[in-house]
Amino acid sequence: MAAIETSGLTRRFGELVAVDGADLAVDHEVFGLLGPNGSGKTTTVLMLTTLLRPTAGSARVAGHDVVREAARVRERISYVPQDMAVDIKLTGRENVSFYAALYGVPGRDRVDEVLGILGLSDRADDLTGTYSGGMRRRLELAQALVHEPEILFLDEPTLGLDVAGRRAIWDHVADLARRGMTVFVTTHYMDEADRACDRVGVIAKGRLVAVDTPAALRSGLGGERVELATDRPAPPVAVEGARLVSAEADRLVYHADVAAEAVPALIADLAAAGVRVRGLTVAAPTLDDVFLALAGRQDGGGGFDYRSFRNLLRRR
């Protein structure tokens, strides 16, 4: 049995369909859910953690139904939300001890253990209000881990942290995965998802449009990534064999079936529009490119064909 299973999972808010019929199975892995703001990521997590009742469909977490057996689910999971979940008027040890008491974890040995695992022993008796952002995030992880959950949900765990803080959090996540814990994470940082997640799902407008390993999604996008830097804002010219991914001010990004054939045509068409190319980069596709292609703008821009992409993945 998978650690997390959903079937037709749906949540509506009036006329808005925030999550639309999600079918998903997550086993013992680090799974990343990616999508633009408002795409349904947090709503999905809230349903899986029993904090929001589905409108339709079903979900089982740690073998239990999130509606009929919500209490059993809560015993086996932990959830670290985007917003800070520590009391700045308590010490680090007091914060973790509070969560230990809520879960019926006796004594202070486990509290000391998780503080040590997260590198907070030296500051455990300092007020949390004196902690840096990265330390507070690690303290939230300590709180979440004190009762040894089977499944950990992390909603944007590195949002707002510097590079060192982000790396420290992911190092801890990797260690948890090595110990056999299932970690379900949402993130906007594609490089982190590419490096840290065993599989990722892309959600757009409430629909789960792709689920696979980062490598398979990058490969499925095909061709080469062509980035053109221009001397002024450029029109998004179209040439055969190249698909526009993004157009931002003086930068155009395409996916080309064969870059050597598409690039001369792109440069020529831009020149005809009075735009000079001042820089060119050709590389393999990144997970950022997959994300932009699949999720795009929430207004549906980009013209990417979800069905064709998914069919391509199935043929691989």
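Hydrogens, waters and symmetry mates play no part in the numbers below; they use all other heavy atoms, side chains included.
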R276 side chain vs R232 backbone, donor-acceptor pair below 3.5 Å
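No, the answer is negative, given that no donor and acceptor are paired below the 3.5 Å cut-off.
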Between R138 and L118, is there a donor-acceptor pair closer than 3.5 Å when you use the side chain of the first and the backbone of the second?
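Yes.
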Nearest 0.5 angstrom please: [X] [atom1] to [Y] [atom2], how far?
X    : Y    : atom1 : atom2 : result
E240 : E261 : CD    : CD    : 9.0 Å
T6   : D23  : OG1   : CG    : 5.5 Å
H28  : T182 : NE2   : OG1   : 5.0 Å

For R225, which residues count as a salt bridge (charged side-chain N to carboxylate O under 4.0 Å, His left out) partner, sequence neighbours excluded?
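Expected list: E227, D289.
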Test salt bridge (charged side-chain N to carboxylate O under 4.0 Å, His left out) applied to E113 - qualifying residues, sequence neighbours left out
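If we apply the salt bridge (charged side-chain N to carboxylate O under 4.0 Å, His left out) test to E113, skipping adjacent residues, the hits are R110.
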So H255 and E224, side-chain hydrogen bond (donor to acceptor under 3.5 Å, both in side chains) or not? Walk me through it.
CA-CA 5 Å; H255 278 114; E224 298 168 285; over 6 Å; no
Is any NZ, NE, NH1 or NH2 atom of the basic residue among [X] and [Y] found under 4.0 Å from an Asp or Glu carboxylate oxygen of the other?
X    : Y    : answer
E5   : R60  : no
D250 : R278 : yes
R243 : D257 : yes
D20  : R207 : no

[X] vs [Y] side-chain heavy atoms within contact, under 4.5 Å:
X    : Y    : answer
D198 : T213 : no
L154 : Y79  : no
M47  : V19  : yes
V146 : V111 : yes
E156 : T42  : no
M135 : L139 : no
V80  : F153 : no

Listed by chain and number, what are the side-chain hydrogen bond (donor to acceptor under 3.5 Å, both in side chains) partners of [X], not counting sequence neighbours?
X    : result
R11  : none
R123 : D126, T130
Q143 : none
H64  : E69

Consider only side-chain heavy atoms of I, L, V, M, F, W and Y, link residues closer than 4.5 Å, and tell whether Y254 and I267 are in one cluster.
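Hydrophobic grouping puts Y254 with I267.
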Among pairs that include at least one residue of residues 44-58, which meet side-chain hydrogen bond (donor to acceptor under 3.5 Å, both in side chains), considering only residues two or more places apart or in two chains?
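Of all non-adjacent pairs touching residues 44-58, those that pass side-chain hydrogen bond (donor to acceptor under 3.5 Å, both in side chains) are T50-R74.
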Once you measure the plane-to-plane angle for H147 and Y103, does it fall in the parallel (<30°), tilted (30-60°) or perpendicular (>60°) bin?
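The arrangement is parallel - the two ring planes meet at less than 30°.
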Atom CZ of residue position R12 - does it have more than 12 heavy atoms of other residues, nucleotides or ligands inside 6.0 Å?
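Not buried by this count: 12 neighbours or fewer within 6.0 Å.
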Go through the structure and list residues passing side chain to side chain contact (heavy atoms under 4.5 Å, CB included) with [X], not counting sequence neighbours.
X    : answer
L280 : V226, L228, V263, V282
E192 : T158, R166, W170, T187, Y189, R195
V202 : V209, L294, A295
D171 : R167

Filter on salt bridge (Lys or Arg N to Asp or Glu O under 4.0 Å), then keep only pairs touching residues 27-45, sequence neighbours left out; what's left?
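Of all non-adjacent pairs touching residues 27-45, those that pass salt bridge (Lys or Arg N to Asp or Glu O under 4.0 Å) are E29-R199.
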Please report the C-alpha distance between N95 and T128 in whole Å, then the side-chain angles of each, then the deciding distance to 0.1 Å, and finally whether the side-chain hydrogen bond (donor to acceptor under 3.5 Å, both in side chains) criterion is met.
CA-CA 8 Å; N95 269 283; T128 308; 2.9 Å; yes
Going through the checks in order, is the salt bridge (charged side-chain N to carboxylate O under 4.0 Å, His left out) test met by D65 and R72?
CA-CA 9 Å; D65 186 274; R72 301 294 299 275; over 6 Å; no
